[in-house]
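Remarks on the structure that follows.
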Amino acid sequence: MADAQSGDPPEKKGENQPGRPPSGNTVSSRNQPNKATKGQQQGKEESNKKVAKNKTNRNQKQQKLPQQQEAGPQASGSKLGDKQVSSKDEKPSLPGGDSSEQPQKTKAELKAERRAVQLLIVFGVAQDIQADDEKVQKKIAKKLARQQVPQRTTPQKKVGLGGTGNNPIHPAIITLGVQYAKGIICGSNARCVALLLAFKKIIALTPQKELCRDLDAKIKPNISFLTQCRPLSVSMGNAIKYLKLQITHTPPDMAEDQAKRNLSQCIDKFIQERIVLAGVAISETYARTKINDGDVILTYACSSLVLKILKDAYNAGKKFRVVVVDSRPKFEGRECLRRLVKHGIRCSYVLIMCYLVSKVFLGAHALLANGYVKSRVGSSMVAMMAQASNVPVLVCCETYKFCDKVQTDSFVSNELSDPDDLVPLARESPDVLSDWRDVNSLHLLNLVYDVTPPHFVSMVITEVGMIPCTSVPVVLRVQNPEQQ
């Protein structure tokens with residue numbers, strides 16, 4: 001009778017009115033005052049919707065993350081009428097029922113990513129030298145632009161030397177970089193000495209500010225420029241670390257002239273002790289004892305240290321003969337042959353190892369922490385053939401070329417030379433590779449260095465003694481950089 005007296009039509013139990021929630025949240029006119037208006041009923045319905053929505057949000061926050069991963073993406077909103085109300089943190093479902101933002105990675109993809117990270121850690125590959133990664137190259141470009149360093153637009157192109165009046169690159173570094181790029185200065189020792197001498201000029205022109213801070217900021221763009229011209233060698237990297245350590249240990253209250261003089265003396269000391277005197281100790285104390293009268297010594301390419309050893313042995317009255325093995329495209333062995341013949345040593349020049357020899361002397365670009373020898377590409381093949389013929393292989397290397405990185409092949413980290421150097425051949429017929437850039441399925445790879453396994457090397461001759469390749473970590477641990 002109350003329904004009839006209110007003037008509203010009676011409602012049937014269990015029926016939902018249009019625009020009203022289902023029975024669980026239904027608001028019936030029986031629960032309203034007799035004089036309730038239609039606007040008041042709609043306001044109460046909206047408040048009930050908000051209560052249901054807040055309750056759903058609280059339930060979702062109480063769920064644990066592992067349960068969500070096991071159950072997968074599910075709808076979290078409660079139904080009001082024929083619609084689904086989702087929480088604020090939930091994304092609208094995609095067509096087809098997939099509510100995730102992006103597809104989940106497969107186990108194989110995750111495993112590949114973990115493997116890539118492990119390789120970077122194990123082999124010590126710095127990401128700033130990954131020439132095949134576009135993201136890394138873009139990052140390098142931003143760094144160079146921030147340091148106002150000209151960047152080579154494409155590989156194997158000439159370095160653009162145009163700059164503004166406030167170019168941070170020292171003229172001596174520009175000249176040195178061009179000489180590196182053209183191969184005028186090559187060899188680990190020669191490149192390292194030239195770098196340190198150029199840094200002496202930079203130190204002399206550093207303005208009167210706090211030396212340890214301003215000088216380090218001066219050196220960084222110059223190093224970046226040299227890296228663009230040609231990647232730094234291991235010996236150059238160790239020399240730069242030594243110089244930065246000396247800059248850091250310079251007292252801030254020291255007079256500017258005295259500080260510059262001390263740094264110049266440190267550079268001269270490094271060159272004299274770690275390069276010049278180290279070569280003398282290797283040659284006169286150890287290597288000379290391994291050369292006997294009647295020996296046939298094989299050497300590969302052109303190593304300044306091996307040249308000094310052979311010349312000193314000849315000056316000491318040893319009678320021996322040298323076989324110089326060379327290879328394309330650099331033909332560095334020709335320079336080695338020219339210097340040995342000029343010194344009066346009997347030599348033979350070949351492109352393959354075809355003579356019976358008694359000993360093999362090789363230079364080294366670096367000795368890695370796992371005992372592998374990094375040297376001019378082709379050295380590994382020479383050492384392998386010598387080991388197969390039971391010929392001892394002696395690697396001559398200064399300890400400042402020792403490196404704490406590890407590497408087991410020539411592809412994980414290497415320097416790439418111009419592929420066009422492999423094209424010209426000394427013959428009458430036209431070069432078959434002259435149009436190699438037009439062949440999509442053909443690529444030329446011109447590596448600069450290779451790595452030789454330690455079981456191919458008999459011993460390493462250094463200024464601290466004759467040691468096996470596996471003793472590199474011991475030498476690195478003993479030679480504390482602060483004591484050098």
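All residue numbers refer to positions in the sequence shown, counting from 1.
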Would you say the side chain of L394 lies within less than 4.5 Å of the side chain of L362, judging by non-hydrogen atoms?
-> no
Are side-chain heavy atoms of Y300 and S327 found at a separation under 4.5 Å?
-> yes
Distance-only donor-acceptor pairs under 3.5 Å for side chains of residues 191-201, two or more places apart:
from : atom 1 : to   : atom 2 : distance (Å)
R191 : NH2    : P231 : O      : 2.8
K200 : NZ     : D268 : OD1    : 3.0
K200 : NZ     : D268 : OD2    : 3.3

Using a 4.5 Å cut-off on heavy atoms from C-beta on, say whether the side chain of E332 contacts that of E335.
-> no
Do the side chains of V423 and L444 get nearer than 4.5 Å, heavy atoms only?
-> yes
Between SG of C397 and CZ of F402, what distance do you get to the nearest 0.5 Å?
-> 5.5 Å
Would you call V391 and M385 a side-chain contact if the rule is heavy atoms closer than 4.5 Å?
-> no
List the atom of D295, the atom of K290, and the distance in Å for their closest heavy-atom pair.
-> OD2-O, 3.9 Å
Are V451 and T408 close enough that some pair of their side-chain heavy atoms sits under 4.5 Å apart?
-> no
Hey, are the side chains of T452 and V393 touching, using non-hydrogen atoms and a 4.5 Å cut-off?
-> no
What's the shortest heavy-atom distance between F320 and I345, and which atoms?
-> CE1-CG2, 4.1 Å
Considering non-hydrogen atoms only, spot the tightest contact between P221 and I169 and give its length.
-> O-CD1, 3.5 Å
Return the minimal non-hydrogen interatomic distance between G465 and Y286, and the atom names on each side.
-> CA-CZ, 3.5 Å
Between I309 and C396, the two heavy atoms sitting closest are CD1-SG, 3.3 Å
Mind checking whether Y180 and M236 have side chains closer than 4.5 Å, heavy atoms only?
-> yes
Approximate separation, where rounding is to 0.5 Å, of S283 OG and D312 CG = 3.5 Å
Between N189 and Y400, is a side-chain hydrogen bond (donor to acceptor under 3.5 Å, both in side chains) present by the stated rule, with each step listed?
-> CA-CA 10 Å; N189 289 340; Y400 88 104; 2.6 Å; yes
Who pairs with E415 by salt bridge (charged side-chain N to carboxylate O under 4.0 Å, His left out), at least two apart in sequence or on another chain?
-> R230
Taking every non-hydrogen atom, the tightest pair across G363 and V306 | N-CG2, 3.7 Å
Above 12 or not: heavy atoms from other molecules or residues under 6.0 Å from NZ of K220?
-> no
